[in-house]
Amino acid sequence: MAERVLMKGNEVIGEAAIRAGLTCYFGYPITPQNELTAYMAKHMLAKGRTFIQAESEIAAINMVYGASSAGARAMTSSSSPGISLKQEGISYLVGAQLPAVIVNIVRGGPGLGNISVSQSDYFQSVKGGGHGDYRMVVYAPSNLQEAADLTVKAFDTADAYRNPVLVLGDAILGQMMEPVVFKDIAHRTFDKSWTLGGKRNGRPANLVNSLSLEEGVIENWNWEFRLKYESMKKNELMFETLYCDDADLIIVAFGTTARICKAVVARARAQGLKVGLVRPITVWPFPYKALNDIGRKTGEFLVVEMNLGQMIEDVRLALPDACRIHFHGRPGGGVPEERDIFEIIDHVLVKNKKGAITTRGTFINWEIS
Amino acid sequence: MKKIFGKSRLWLNKPQPYCPGCGHGLVHRIVCELLEEMGLADNCVFMAPVGCSILAYSFLDLDVCQPAHGRTPAAATGVKRARPDTFVVCYQGDGDLAAIGTAEIIHAANRGENFTTIFVNNAVYGMTGGQMAPTTLLGQKTETSPEGRSLSAGMGHPIRVCELLQSLGGVAYLARTSVHTPGNVIKAKKAMKKAFEIQMAGKGFSLVEVLSPCPVNWKLLPQEALAYIENNMIPYYPLGEFKTP
Ligand SMILES: Cc1ncc(C[n+]2csc(CCOP(=O)(O)OP(=O)(O)O)c2C)c(N)n1
Ligand code: SF4
């Protein structure tokens with residue numbers, strides 16, 4: 001049986017990637033993901049695999065582009081400002097249909113922001129941070145075991161669709177320590193006949209490219225890519241629901257925030273308050289349909305995020321109009337506190353919305369404006 | 001009749017994107033001939049630039065990787081590290097290599113990445129319509145230096161790439177060549193052959209710069225463009241080897 005080991009989040013992701021068969025890692029220092037790059041320097045080189053500390057995040061993502069072109073399992077990791085620099089490269093990876101894994105250990109922004117925990121890169125991650133019309137699967141683990149499992153899965157998803165995949169963490173996930181089990185991996189094989197390596201043994205020349213100036217070609221490609229995106233929506237969607245069947249109020253949260261909200265749900269249930277939780281595990285694809293179904297039975301929702309309110313727009317899109325959505329957010333460094341979240345539950349379910357809440361970051365009946 | 005000369009088989013009979021008198025064709029020809037003569041075509045990955053030769057993939061019978069503007073050296077690093085058994089040729093223009101991709105070329109060279117860069121210096125941005133490049137000569141008129149490149153207007157000096165890279169430890173071979181006369185074409189081919197041999201021997205980074213005419217954007221006749229290289233470019237960009245192993 002695989003043993004339990006106590007490790008830091010950033011290292012867990014690194015180790016999981018190595019076990020998933022990563023052969024080329026390219027990084028650039030940025031807090032709070034530095035331990036990941038350092039782990040790779042030690043362990044990739046020791047295994048005779050490729051590790052490069054690139055001259056910039058731009059170079060790193062383009063090294064990924066090259067390595068993936070040549071058939072390698074390739075990965076880069078960074079944190080928010082560095083991920084912004086990778087957006088051009090991510091767009092090219094999609095355009096050239098290259099599999100790759102990108103890890104974002106999100107920190108506070110905008111600008112240089114801070115090195116503290118945040119979920120402010122949600123829009124950038126799920127709405128296409130780079131140019132062009134594209135989608136990619138985004139995994140949002142909420143504990144280290146899930147970080148390990150989803151990182152392994154990310155490589156297969158990337159290979160299966162020939163599309164980049166993002167693992168969306170945050171400073172808490174990257175920095176905390178927890179016991180994890182690295183499960184045995186069933187290594188799948190993927191068609192790599194399209195990769196570059198010279199047209200040996202008489203095979204026709206291969207091309208890795210995202211350009212065409214011929215009329216209609218890019219439009220056709222995009223229609224073809226859409227088939228992949230639809231298939232991802234159908235087959236890659238992951239979410240967790242907790243006590244949604246009888247709930248009077250349902251919290252929607254992802255990643256580290258969802259973990260905090262789970263504790264709130266437990267406390268509420270202990271007090272006889274019917275609170276449930278929906279936790280998107282993939283934030284793209286997003287569980288629109290599941291939320292819509294749940295919204296037909298439950299009228300009150302509470303979205304908790306470490307930002308000014310980003311995923312809440314998808315929740316609003318998913319839910320029937322009659323549902324009311326409340327919000328609690330901590331943008332750029334603060335962590336949502338159980339008591340602040342509980343105050344909203346108390347306000348809605350116990351005090352029946354009487355009395356104002358003045359806690360900063362809380363919005364009762366949040367509306368898109 | 002016995003055939004004594006033909007074009008390389010790697011160059012397919014497809015439409016060419018180049019203007020009359022353009023130097024890119026000559027440089028492609030040398031690269032293709034060498035890959036064929038040296039038996040390298042079948043494990044070659046050709047790294048295309050973003051520039052006038054962007055469509056190289058459509059007429060070269062080689063594996064081609066088309067990365068983002070200026071990022072070719074980083075992508076080539078990825079290819080070569082993932083598949084050290086491949087022969088990697090990067091092809092870059094002066095905007096691609098010496099402006100937007102300056103960091104990538106310097107660091108790939110400094111790491112001693114074992115690939116060969118063919119650097120086509122035509123002193124302008126060709127593809128986007130003749131804007132000023134980092135290599136545009138002082139006084140040279142372009143779309144974005146209409147009165148001529150000027151120091152007093154804050155346009156900076158033309159960058160000499162070979163001289164810039166010369167001090168870097170990872171660089172095994174550097175040469176500047178030209179294709180404005182048949183004699184120089186032969187010399188350019190010799191330099192590229194040397195660079196290819198250096199990559200084959202695993203000695204590190206090699207780069208051959210080629211001064212190349214862009215008559216359209218220089219607003220010169222093809223013949224005049226060749227004279228422009230001789231009279232204006234070579235005095236500023238001296239030909240020769242800058243580093244050998
Ligand atoms: C990020 C980005 N910026 C700008 C462009 C537009 N662009 C295409 S080619 C080019 C310049 C190419 O000039 P050069 O490298 O000198 O090659 P040449 O066309 O002269 O052969 C530019 C700026 C682009 N494709 N991508
Ligand atoms: S614009 Fe200049 S570099 Fe481009 S094809 Fe025409 S002559 Fe060649």
Side-chain angles (χ1 to χ4, degrees), chain A residues 22-26 28 44 49-74 76 86-93 95-96 98 100 130-131 192 194-214, chain B residues 10 12 15 17 35 39-51 54-90 100-111 113 115 127:
Chain A
L22 176 72
T23 53
C24 294
Y25 171 88
F26 309 100
Y28 185 85
M44 290 292 280
R49 304 186 195 179
T50 296
F51 165 89
I52 297 181
Q53 178 176 325
E55 59 272 27
S56 69
E57 290 87 349
I58 297 175
I61 191 80
N62 283 285
M63 290 174 187
V64 166
Y65 184 98
S68 179
S69 299
R73 280 206 151 169
T76 182
K86 292 186 195 294
Q87 294 302 325
E88 178 202 42
I90 293 172
S91 169
Y92 274 73
L93 288 168
L98 292 174
H131 60 284
K192 292 279 177 186
W194 53 270
T195 60
L196 307 180
K199 50 186 184 79
R200 291 167 224 219
N201 311 320
R203 80 147 160 78
N206 281 342
L207 170 65
V208 168
N209 170 44
S210 64
L211 170 93
S212 176
L213 301 177
E214 276 168 65
Chain B
L10 300 175
L12 304 170
L35 289 175
L40 294 167
D42 283 357
N43 63 342
C44 176
V45 178
F46 185 90
M47 308 293 299
V50 174
I54 200 161
L55 293 172
Y57 65 80
S58 66
F59 55 86
L60 293 185
D61 187 18
L62 292 169
D63 270 13
V64 176
C65 183
Q66 171 67 74
H69 189 22
R71 316 302 174 208
T72 298
T77 299
V79 169
K80 191 76 182 193
R81 295 292 188 109
R83 291 287 303 270
D85 58 331
T86 53
F87 188 80
V88 175
V89 179
C90 294
I100 195 167
T102 318
E104 284 79 4
I105 193 67
I106 287 182
H107 289 276
N110 191 49
R111 285 190 303 269
E113 297 295 343
F115 58 72
M127 193 191 199

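In the text below, chain A, chain B and the rest are named by the order of the sequence lines, each starting its count at 1.
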By a 4.5 Å heavy-atom criterion (distance strictly below it), what part of [X] contacts chain A: side chain, backbone, both, or neither?
{"X": "B:Leu10", "value": "side chain"}
{"X": "B:Leu60", "value": "neither"}
{"X": "B:Ala76", "value": "neither"}
{"X": "B:Asn110", "value": "neither"}
{"X": "B:Val45", "value": "side chain"}

How far does [atom1] of [X] sit from [atom2] of [Y], to the nearest 0.5 angstrom?
{"X": "B:Glu104", "Y": "A:Ile58", "atom1": "CD", "atom2": "CD1", "result": "6.5 Å"}
{"X": "A:Asn209", "Y": "B:Ile54", "atom1": "CG", "atom2": "CD1", "result": "8.0 Å"}
{"X": "A:Ser212", "Y": "B:Gln66", "atom1": "OG", "atom2": "CD", "result": "11.5 Å"}
{"X": "B:Asp85", "Y": "A:Arg200", "atom1": "CG", "atom2": "CZ", "result": "4.5 Å"}
{"X": "B:Cys65", "Y": "A:Leu98", "atom1": "SG", "atom2": "CG", "result": "7.5 Å"}

Per-residue contact mode, [X] against chain B (heavy atom under 4.5 angstrom):
{"X": "A:Arg203", "result": "side chain"}
{"X": "A:Thr23", "result": "neither"}
{"X": "A:Ala96", "result": "neither"}

Item to check | Pairs satisfying ring pair (Phe, Tyr, Trp, His ring centres under 6.0 Å), at least one member in residues 58-86 of chain B, at least two apart | outcome: B:Trp11-B:Phe59, B:His28-B:Phe59
Item to check | Option in B:Ala108, B:Gly70, B:Ala68 with maximal non-hydrogen atom pairs under 4.5 Å from chain A | outcome: B:Ala68
Checklist entry - Based on non-hydrogen pairs under 4.5 Å, which of B:Ala103, B:Gly101, B:Pro67, B:Ala41 is most in contact with chain A? => result B:Pro67
How close do [X] and [Y] get, heavy atom to heavy atom, and via which atoms?
{"X": "B:Val79", "Y": "A:Gly66", "result": "CG2-O, 3.3 Å"}
{"X": "A:Ala72", "Y": "B:Ala82", "result": "CB-CB, 3.7 Å"}
{"X": "A:Leu211", "Y": "B:Tyr57", "result": "O-OH, 3.2 Å"}

Item to check | Check: B:Asn43 side chain, A:Gly198 main-chain N or O, donor-acceptor pair, under 3.5 Å | outcome: no
Next on the checklist: Between B:Asp63 and A:Asn206 (side chain of the first, backbone of the second, donor and acceptor by atom type, cut-off under 3.5 Å), is there such a pair?
Outcome noted: yes
Item to check | Any residue meeting side-chain contact (heavy atoms from CB on, under 4.5 Å) with A:Arg49, in chain and number order, not counting sequence neighbours | outcome: A:Ile18, A:Met44, A:Lys47
Checklist entry - Quick one: does B:His107's side chain get under 4.5 Å of A:Ile52's, heavy atoms only? => result no
Item to check | Within-4.5 Å side-chain heavy-atom neighbours: B:Arg81 and A:Met63 | outcome: no
Next on the checklist: Assess the residue pair B:Asp61 and A:Lys199 against the criterion (side-chain contact (heavy atoms from CB on, under 4.5 Å)); give the C-alpha distance rounded to whole Å, side-chain angles, the decisive distance to 0.1 Å, and a yes or no.
Outcome noted: CA-CA 9 Å; B:Asp61 187 18; A:Lys199 50 186 184 79; 3.8 Å; yes
